[in-house]
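A note on names: the letters A, B, ... follow the listed sequences, proteins ahead of strands, and every chain is numbered from 1. Computed over heavy atoms, backbone and side chain alike; hydrogens, waters and symmetry mates excluded.
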Amino acid sequence: MAGLELLSDQGYRVDGRRAGELRKIQARMGVFAQADGSAYIEQGNTKALAVVYGPHEIRGSRARALPDRALVNCQYSSATFSTGERKRRPHGDRKSCEMGLQLRQTFEAAVLTQLHPRSQIDIYVQVLQADGGTYAACVNAATLAVLDAGIPMRDFVCACSAGFVDGTALADLSHVEEAAGGPQLALALLPSSGQIALLEMDARLHEDHLEQVLEAAAQAARDVHTLLDRVVRQHVQEASVLLGD
Amino acid sequence: MAEAAAVVAESLAGYRARAARAVLEQVVLPGEELLLPEQEDGEGPGGAGERPLRLNAGARSRRRVVCGPGLRRCGDRLLVTKCGRLRHKEPGSGNDGGVYWVDSQQKRYVPVKGDHVIGIVTAKSGDIFKVDVGGSEPASLSYLAFEGATKRNRPNVQVGDLIYGQFVVANKDMEPEMVCIDSCGRANGMGVIGQDGLLFKVTLGLIRRLLASDCEILQEVGKLYPLEIVFGMNGRIWVKAKTIQQTLILANILEACEHMTADQRKQIFSRLAES
């Protein structure tokens with residue numbers, strides 16, 4: 001891989017960040033009036049929008065209803081204008097289905113589904129601009145949207161991606177770093193207890209390096225948690241000021 | 001891999017469990033754990049000699065604290081499950097330790113026993129009506145649950161009518177059931193809501209605030225026009241005034257109350273009162 005140097009000698013990455021540094025995160029809750037819960041997040045140049053409906057009646061076949069917990073239905077869609085080259089199919093393709101499944105596994109771990117048996121919670125996530133770390137941005141946006149909807153959750157779910165270049169673990173990969181072909185790992189964490197909701201990697205990484213990369217991703221997820229915490233507190237305070245507290 | 005998991009768990013900068021009293025009226029987020037002020041499990045009055053004396057000598061040795069919406073019990077702590085402000089209500093009398101709950105904002109209603117709600121009749125099947133209350137299941141309403149209804153004297157309820165009733169059965173495992181009579185058999189304001197008027201949706205937090213005893217919004221609205229108004233705890237409000245225009249104005253004001261400060265609201269009311 002000639003040309004692009006992902007980590008310079010002084011320890012700077014392509015966009016000038018340090019190895020463990022996150023991109024700038026901005027988030028807002030309650031962006032849609034008609035949905036039960038919604039949130040928008042920007043992680044660097046990656047922009048994701050999440051919308052939550054529920055808990056409501058099971059749509060479609062009643063046979064899918066679970067007698068002791070709620071069904072979590074996640075749909076991932078990336079806009080046709082989100083990548084460098086225009087995408088043909090925004091949703092329904094293999095990658096979107098797989099992402100939807102991963103989001104479902106992540107949120108089934110965090111949402112207290114046993115409080116709403118025989119009902120359905122819909123989480124729709126759309127990526128408006130994809131610059132690497134789309135899974136992480138989707139999970140972070142969906143966490144905020146679920147909180148906005150008032151659905152009871154065990155804890156936040158914060159996610160971040162991590163990679164490994166030149167013996168150093170990098171946190172929060174951008175598209176350039178992902179496309180370079182090195183190992184990448186996506187981690188979704190429940191910060192207060194330190195439990196891992198989802199850990200996904202489909203590349204080859206020597207097991208001696210795994211601990212380092214995992215710790216980098218976990219630390220980055222905890223930093224994301226600090227930021228999201230601040231966003232939620234501010235939103236609640238604004239809402240309660242208007243409600244006249 | 002085991003070391004990695006241990007590293008992740010040890011170095012977490014997460015929330016330490018805090019005393020619930022220290023966090024009252026503050027914003028709490030899911031994942032936080034709260035400690036209750038008294039954790040005794042009722043060893044009885046004879047245990048005083050084995051335990052150091054507490055500062056609040058008035059506390060009984062067994063207090064039952066009620067854990068309200070937004071809190072779950074895990075072990076001997078309270079786990080916060082929704083984001084909002086932590087509130088506490090002192091007990092009136094007796095052995096209780098009061099109620100703790102999280103005041104959160106929500107649009108979707110979850111049926112709770114005893115709540116008065118406005119429902120829309122969606123189907124008539126046999127002896128029951130199916131009523132949509134905005135939750136995850138339609139509630140069932142028996143035709144006998146109206147004042148003065150007998151098997152021969154059925155109530156005049158059509159599909160599409162608005163019903164104001166209360167839940168007698170509302171838990172997560174069963175279909176919710178509602179009735180339009182109170183425990184004495186009287187309607188007490190419940191039943192089919194009359195013709196005309198407008199039904200609209202607001203958030204649950206706004207309804208609770210409007211129904212609070214010290215709410216000025218309702219008094220101001222009452223001074224504007226004569227009106228009939230019904231509040232459902234499921235976020236639905238039915239309003240009726242003399243003309244359609246007045247009804248629409250009232251509906252818009254109530255919907256906008258959520259986003260206005262008290263001053264803006266007073267300005268709008270004074271402008272309307274002049275015109």
Side-chain angles (χ1 to χ4, degrees), chain A residues 29-30 33-37 53-58 67-68 70 110 112 114-120 143 147-156 189-196 207 210-212 214-215 218-219 222 225-226 228-229 232-237 239-245, chain B residues 1 3-15 25-33 69-72 74 79-85 102-108 110 132 134-138 172-175 203-206 208-209 212 215-217 257-262 265:
Chain A
M29 291 168 64
Q34 55 266 44
D36 291 335
Y53 291 94
H56 58 76
E57 272 187 86
I58 300 260
D68 57 341
L112 289 170
Q114 64 270 26
L115 293 179
H116 302 285
R118 295 184 319 278
S119 54
Q120 182 175 332
T143 294
L147 280 177
D148 189 40
I151 297 177
M153 285 223 288
R154 195 164 283 129
D155 195 355
F156 272 75
L189 194 69
L190 272 63
S192 298
S193 47
Q195 293 170 342
I196 297 179
E207 76 172 301
L210 181 60
E211 224 179 284
Q212 189 185 358
L214 197 57
E215 177 51 30
Q219 183 55 44
R222 285 193 288 270
H225 172 62
T226 314
L228 294 185
D229 184 295
V232 177
R233 277 183 205 272
Q234 194 181 359
H235 176 82
V236 171
Q237 267 160 2
S240 52
V241 156
L242 285 177
L243 269 156
D245 281 333
Chain B
M1 230 2 247
E3 292 95 7
V7 160
V8 167
E10 263 174 14
S11 57
L12 63 90
Y15 301 113
E25 306 298 325
Q26 290 180 33
V27 178
V28 289
L29 299 177
E32 291 187 26
E33 289 188 343
L71 295 171
R72 299 281 296 167
C74 73
L79 176 71
V80 178
T81 57
K82 291 193 197 180
C83 62
R85 288 196 185 263
V102 177
D103 201 354
S104 70
Q105 186 59 284
Q106 210 174 318
K107 290 186 196 150
R108 174 72 57 168
V110 173
D132 164 42
S136 62
E137 268 181 305
K172 63 187 172 88
D173 300 308
M174 295 167 60
E175 179 191 47
T203 59
L204 306 187
L206 181 63
R208 289 196 295 262
R209 180 172 150 226
C215 178
E216 327 158 317
I217 307 178
C257 270
E258 180 137 25
H259 307 291
M260 290 197 290
T261 59
R265 206 177 57 228

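- Only the backbone of A:Asp148 comes within less than 4.5 Å of a heavy atom in chain B; its side chain stays farther off.
- Residues A:Leu147 and B:Lys82 form no side-chain contact, since every pair of their non-hydrogen atoms from C-beta on lies 4.5 Å or further apart.
- Of the atoms belonging to B:Glu175, it is backbone heavy atoms, and not side-chain ones, that fall under 4.5 Å from chain A.
- Between chain A and the options B:Lys172, B:Gln106, B:His259, heavy-atom pairs under 4.5 Å are most frequent for B:Lys172.
- Contact count against chain A (heavy-atom pairs under 4.5 Å) is highest for B:Pro138 among B:Pro138, B:Pro69, B:Gly134, B:Cys74.
- Neither the backbone nor the side chain of B:Val102 comes within contact range of chain A; no heavy atoms are under 4.5 Å apart.
- For the pair A:Arg154 (side chain) and B:Gly31 (backbone), a donor-acceptor distance under 3.5 Å is absent.
- Among residues two or more places apart in sequence or in another chain, the side chain to side chain contact (heavy atoms under 4.5 Å, CB included) test is passed with A:Ile58 by A:Ala65, A:Leu71, A:Gln120.
- Other residues, nucleotides and ligands contribute only 12 or fewer heavy atoms inside 6.0 Å of the CD atom of A:Glu207.
- Interface remark: A:Ala70 contributes no atoms to any contact with chain B (heavy atom separation under 4.5 Å).
- One finds the CG atom of B:Asp173 at 12.0 Å from the NE2 atom of A:His116 (value rounded to the nearest 0.5 Å).
- Here the CD-NE2 distance, from B:Glu137 to A:His56, works out to 13.0 Å after rounding to the nearest 0.5 Å.
- Neither the backbone nor the side chain of A:Leu190 comes within less than 4.5 Å of any heavy atom of chain B.
- For B:Ser104, no part lies near chain A; criterion is any non-hydrogen pair under 4.5 Å.
- A salt bridge between B:Arg108 and A:Glu57 is absent, with no side-chain N of the basic residue lying under 4.0 Å from a carboxylate O of the acidic one.
- Only the side chain of A:Leu112 comes within less than 4.5 Å of a heavy atom of chain B; its backbone N, CA, C and O stay farther away.
- Under the 4.0 Å criterion applied to side-chain N and carboxylate O atoms, A:Asp36 and B:Lys107 are not assigned as salt-bridge partners.
- Across B:Gly135, B:Gly70, B:Cys83, the residue that shares the most heavy-atom pairs under 4.5 angstrom with chain A is B:Cys83.
- In terms of the salt bridge (Lys or Arg N to Asp or Glu O under 4.0 Å) criterion, B:Arg72 has no residue partners (sequence neighbours excluded).
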